[in-house]
Amino acid sequence: TKSSLQDSYPDSVFVQFLKESGVTLTAGSTANEIGKIMNEKVCIVYNKEFMFEGVSEDGLNVPRLIINQLKWLDRIVDGKDLSSKLMQMVSVAPVEIQRDIITSLPEILEDSQHGDMAKELNGLLQQNTQLPVPILDALSSLNLSSALLSEVREVVMGTLSAVQLEDLPVVVKFILHFISASDANEVVCDLRKKLELEQCVLPAVLQASQSRMKSKAMSGVPSCNNGQDSVALVLEVIKSAIRFQKTISEAWLKAIENVDESDDHKVVDLLVLFILHSTNANHSRRGAERVLKVKVRKGLIQENLLQKTFKGHAQVMRGYFPSILALAQGLLRSPDCFVVPFGGHMYKQAFTAFDSYCQQEVVGSLVTHACSGVSGEVDVALELLCELVSQKPAEMSQFTVFVKGILDYMDNLTSQQIRRLFHLLSCLAFGQEQHGGHIQDDMHIVIRKQLSSTVPKYKRIGIIGAVMMVGSMGACRNKPDGSQGGTLPKETHRQVMALLELVRSCSESSPEAAALYYDELANLLQTCKLDPLVQAWIGKSVLEDFQEDFIVDLGPDLSGPFVFPASVMHNLDEDESQGGIAINLLPLMTQDQRVSPLCLSSFFRLLRLCEEVQHQGDLEEIDALLGCPLILTDMEVVEKVESLSKAEREFLCSLLFYTINWFRETVNAFCKQNDPEMKMKVVTRIQNITYLQSLLQTCLAATPGYTPPQANFDGESAEGMIPSSSSALPKKGKKGKSAGEISKLICAIDRVSPSLFDHPEKENEKEKEKDAKSGVSLSSYWPFFRELDVEALSVLQCGLLSRTLLDTELHSKLREEVQLSPAELLFLLEDMWRKLDFSLASAPAKKAPFLKTDKAVGFAHLQQKNAKEIATCCIELLPTLCTHLENCHNHFQTLLSEHQGVVDAPGVDLKEQQLMCSAYQLLLQVLHTTFSWAGFSGLEHRALLKSALGVLAGRLKEDETDLTLDQLSRWEHAFEYLQNFQSTVPSLNTALCLTQLLIVLSQYGGSNHRTYREQITSLAKRFLCQEWVTVSGEKERGNKYHDALQTLLSIYLEHTDDVLKAVEEIAGEGVPELLNAAKDANSPSWPTLNRQTFLVYYKSMMADLCPKSIQVSKMAPTLMSEKLLTWNLAVRDFHILINLVKMFNSRPVLTVCLKYGRLFLESFLKLGMPLLDYSFKKHKEDVQSLLKTIQLSTRQLHHMCGHSKIRQDTGLTNHVPALKKNLEQFVYRVKAMLTLNHCQEAFWLGNLKNRDLKGEEILSQKSQAVDEEEEESSQLQSEEEV
């Protein structure tokens, strides 16, 4: 029967529990009644049995079982009442039961109740921070409206900072899961601001203890072991959202991109960028690379943030190592010098924080960079490897074999890179701990193989490598061994001595190899502290050999089989002429001896550094070498150099090179001595150098094809550096600038080159002298002079003495304070400019691939210092440079006042004027290069920049201390200080240097952007409205003058507020004045404008019209009337410039007109015609006027096309097809505009005759084609009737 069947089945747990609770269910009982019973009875059970334990003795969680049964009820009569009862239970039940009830709600409730329940859960979320996970799980399963979902999300976002660490991943997942494309940017930005991952890992020990306490208090509660797990889960949630929702990835990129303060960037920013890069989507990968580069370049993401990220989240970041490695590779390969160091930091942090596998990948990637052949990339990679070896020698020793692989690519390395490579390997193999000792034998084999090679290149590598090995093996140890009084073990000391002897014996056969050995050993002494015994052995052998090889006692008999008669020259110790010593130069060059004069300068440098190291900088033992004479020949032979044989001329040139290089090394050696007498001798030696250089220039002009003796031995052979002809421009030792820009200035150092500012157009004087000398510039022979140390620039502090005072008191000069004459000042400034241009201005260029290594010849010592050290040295000299600049200013101010502004007045020393002009310009060049250093844009060098600005500001406000001025005030005073020099600049090139310096300085002015633009505009206009003459009184002219004028005019048009007004002022006022003036006369309004410079003006004005038209198009859409007015002005200026071709119809002017005319027409078609489409009905008259004006211009352009075809000039006809195409497009574009505005009936076509520039018809092309210009004429006549 039915009843028996029911009795045969056991009751469910749910029914049994109700029966045990005293509840009897009857047929028809509803879920609501059950809910009431549960509300009354079950809570009693909770209080009695489960409040503290929650689990019965048999292991069953009965409350959870009951709630699960509610999910399976067939029908709920009053769901609202049931939900109310359940929420009441939530308010009184324990936390675990609250979690069960809340998570079960979506399966118990009907869809109609989801909204009300979501509101209740939303309120509960704000009250109870212990239940975010179950509440968010329930809300995720409810069917909610977008408005309610947005409200819930705001509440969740508000509680984000109070959420427990283990609940954070769920909260972030909810926020990112329910996000629409419209509010993605706002939500992600808000989430980024409130997500503080930095706080998740700082109290690691505290979190661990709290987790243990929680697990003891509430068994069965899941919790994270530490903050790293939670952070990893959060990042996985973000990664999942980014991977599957493109809008979220774009929102994260935008949120990070919008941060404009470095302090506002967080750890999460870097982590998200790594996540974005790790996704497979190309747009995310490229976006992450772009944003990271931009942020690093601007200094917003810095090393400290990267370090904090690695330190706190290394375990999490390990999963993104491939992306970290790829980003570091991209940054290191970047041509932008600002982002390269950050890539290096990423490599170092990854090596330090990750496991050995990652370390191996880091080293492998750096080795790949080092073998790339790109100069800058190789430099950075080797530098990073050296840092890792010095900081982590034990870890790096595991990868010694990888690093050793770079030896296979030494053919592509420069000498400086080879030094770093062998230093790196030597530290691993021969360091004190010898972590990489297993490659010692390999290193010895490589060195011996290279030293024994007969190829100079490989022998040079062997010498450099051997010396670097000596530096590592013979370095002074921390704990003295007591062996032989030194710090090295006996065996190590023996190996060092044997290696030195090996290098010496292998280099004796070649003077170049021997000189390189001496230079490398000198560099080692300068950069490394050697063991005392090794140091003493080197010093003793060097001193003995130098005395034996190069020094002789002065005697009465100087006869011998010499090419020229011997003579003792340049003796600064006249009182010690009897029994003194001399440098035996001429005999060494004449006699076939084992010692070559090629080694003289290198050997002396090594001797000097040995003395400095052994006597703590005191050179008293060798100070006689500064003033001692040289055995040369009487320099009167230079006057008859033309009559000498080729061999004698070459011998004389070599003698002068050797002498100059000896003096340069003596200046290097004794420039730091404080004794007044020593300073006097140093300045005298510089005077000797400038004098000998003038003689050398004369000899070189008479000796074409001559190869000077090599002076810098760490580069390629001298044959690769020989100027191709005597007139060759300097190609070596210069970087970044054009060779012609400074070559004229350098000539002023050469005392026999008075034509510093003489241009090729000057054909009326000194023809013979120019033929003999103007083609030879010593800057072409720069690699054949010994390098001056940076310390030698301290001689600049000796000051400047006028030429007149030197002439009148020559007899007492040696007894007074030593000061520099203009020639010596110019010599030092030119060398300083070269050094700054190489170290500061050329940093990005050095990263270019296939860079010629000989660009660095002559800068071997300079490369030992980084850019910051060079900039610091320059800033230390800044007060001295300002003093010299003020002296130049005062010199020309006095000159102008005494001679009523006439620079070539009788009695003026033209030679001195030329030198002062050159010094003035070079001083500004030096300042410009210094303040243009890219490093000043970084935050780490702001203090250095502030110091530099303070020096300039202090020259103006001497009564104020630097500490009282902030950076903006210093900038204002520095800008004002430099502006004061505008009244005395002697040439247009100097004026351009001053203007460019002020432009660079204005970049540090912050918000005063408009102010500096006005001042620079005023300054440029002043220079343009000034007539420039040379020191001989003639007008400046020539290509260099034209280039400077064009640059200055471009600066003026770029910085002026109204370009169109400025163009109209020049073309409408200045040019008509020129037409009415004499042939060689200038325009009164613009004195730099004449018939010779018209092309310069014309090209600049035409070129600036096109960018202006683009600026017009970027104006706000509401300013349509202003746009139309501006286009009217631009078209009018264009018409004026086009018409000028009728008066100035030379081929260059026609070329400029055709080229830029087409560009302007293209801009008008793309940007101007859409505006006319929109404005035709409202501003019909203005549109018609504009079209009429441009019609006249296009007709003239058509005539130019016809003229070009008649002349059959390919330089002109190359521009014709594209221009014709634009003219045709213009016609049909106007037709489209009329059709758009329902005036198409006003358009009709006609024929236009082809004419030349004079307006005469071209008969050969008469009436053969329909031309667009006639169509324009016809259509505009029709438009007037509309």
Side-chain angles (χ1 to χ4, degrees), residues 299 796-797 799-800 829 832 836 840 868 870-894 919-986 990-1023 1051-1052 1055:
L796 284 168
Q797 297 172 342
L800 175 67
L829 287 176
M832 183 177 186
L836 296 180
L840 303 185
K868 182 180 179 180
I870 301 299
T872 304
C873 176
C874 186
I875 291 172
E876 291 174 355
L877 291 173
L878 206 53
T880 301
L881 297 175
C882 290
T883 300
H884 289 301
L885 194 62
E886 292 162 10
N887 289 337
C888 292
H889 170 78
N890 296 334
H891 172 86
F892 286 103
Q893 195 172 44
T894 303
Y920 207 153
Q921 182 173 342
L922 268 178
L923 283 164
L924 294 173
Q925 288 271 25
V926 166
L927 293 180
H928 177 263
T929 306
T930 302
F931 283 99
S932 299
W933 179 44
F936 282 141
S937 301
L939 295 179
E940 65 273 18
H941 299 137
R942 288 292 170 84
L944 204 58
L945 172 63
K946 189 175 181 180
S947 173
L949 293 175
V951 173
L952 298 183
R955 310 294 294 192
L956 187 67
K957 302 286 184 180
E958 296 182 354
D959 55 331
E960 299 183 17
T961 61
D962 292 343
L963 299 177
T964 61
L965 298 175
D966 58 10
Q967 180 166 333
L968 182 59
S969 299
R970 295 182 185 207
W971 171 82
E972 291 173 349
H973 293 322
F975 197 88
E976 182 182 354
Y977 168 71
L978 291 174
Q979 272 188 307
N980 293 336
F981 294 98
Q982 60 183 307
S983 60
T984 59
V985 286
T990 309
L992 176 61
C993 291
L994 177 60
T995 307
Q996 291 173 330
L997 173 58
L998 289 172
I999 291 175
V1000 169
L1001 207 63
S1002 64
Q1003 298 174 0
Y1004 310 117
S1007 60
N1008 292 354
H1009 186 71
R1010 183 175 180 81
T1011 303
Y1012 96 80
R1013 285 182 65 90
E1014 293 175 352
Q1015 293 175 344
I1016 290 177
T1017 302
S1018 174
L1019 182 65
K1021 186 174 182 180
R1022 169 177 178 162
F1023 292 148
I1051 290 173
Y1052 169 66
H1055 288 79

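Atoms OG1 and NE2, on Thr930 and His928 in that order, are 10.0 Å from each other to the nearest 0.5 Å. To the nearest 0.5 Å, the span separating CD on Glu972 from CG on Leu1001 amounts to 11.5 Å. Here OG of Ser983 is found 6.0 Å from CZ of Arg1022. Values are rounded to the nearest 0.5 Å. Taking NZ of Lys868 as the start and CG of Leu840 as the end, the distance is 13.5 Å to the nearest 0.5 Å. Rounding to the nearest 0.5 Å places CD1 of Ile999 at 9.0 Å from CG of Leu1019. Atom CG of Leu992 and atom CG of Leu997 lie 11.0 Å apart (nearest 0.5 Å).
Here the closest heavy-atom approach between residue Leu998 and residue Leu978 is recorded as CD2-CB, 3.6 Å. Contact record, Ile875 with Ala948: CD1-CB, 3.8 Å, taken as the closest heavy-atom pair. Residue Leu924 comes nearest to Cys993 through the heavy atom pair CB-CB, 3.9 Å, listed as atom of the first residue, atom of the second, then distance. Residues His941 and Gly935 share a closest heavy-atom pair of ND1-O, 3.0 Å. Of all the heavy atoms in Val1000 and Ser932, the pair that sits closest is CG2-OG, 3.4 Å. Summarising the geometry of Thr880 relative to Leu796, their closest heavy-atom pair is CG2-O, 3.2 Å, with the distance given to 0.1 Å.
Phe1023 is not listed as a side-chain neighbour of Ile1051, based on a closest heavy-atom distance of 4.5 Å or more. Within the 4.5 Å cutoff, no side-chain heavy atoms of Ser1002 are placed close to those of Arg1013. Side-chain contact check for Lys946 versus Tyr1004: every heavy-atom pair is 4.5 Å or farther apart. Side-chain contact check for Phe936 versus Gln1003: every heavy-atom pair is 4.5 Å or farther apart. Using a 4.5 Å heavy-atom cutoff, the side chains of Leu829 and Gln925 are not in contact. Looking at heavy atoms from C-beta onward, Cys874 lies in side-chain contact with Met832 at the 4.5 angstrom threshold. The shortest side-chain heavy-atom distance between Tyr920 and His891 does not fall under the 4.5 Å cut-off. At a threshold of 4.5 Å between non-hydrogen side-chain atoms, the residues Leu952 and Phe931 count as touching.
Between the Trp971 side chain and the Leu949 main chain, no donor and acceptor come within less than 3.5 Å of each other. In this structure, Ser947 contributes its side chain and Ala943 its backbone to no donor-acceptor pair below 3.5 Å. In this structure, the side chain of Ser1018 does not engage the main chain of Glu1014 through any donor-acceptor pair within 3.5 Å.
Using a 30° and 60° split on the angle between ring planes, Tyr977 and Phe981 fall in the perpendicular class, above 60°.
A donor-acceptor contact closer than 3.5 angstrom links the side chains of Thr883 and Arg955.
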Item to check | Steps toward side chain to side chain contact (heavy atoms under 4.5 Å, CB included) verdict (Leu927, Leu878) | outcome: CA-CA 8 Å; Leu927 293 180; Leu878 206 53; 3.3 Å; yes
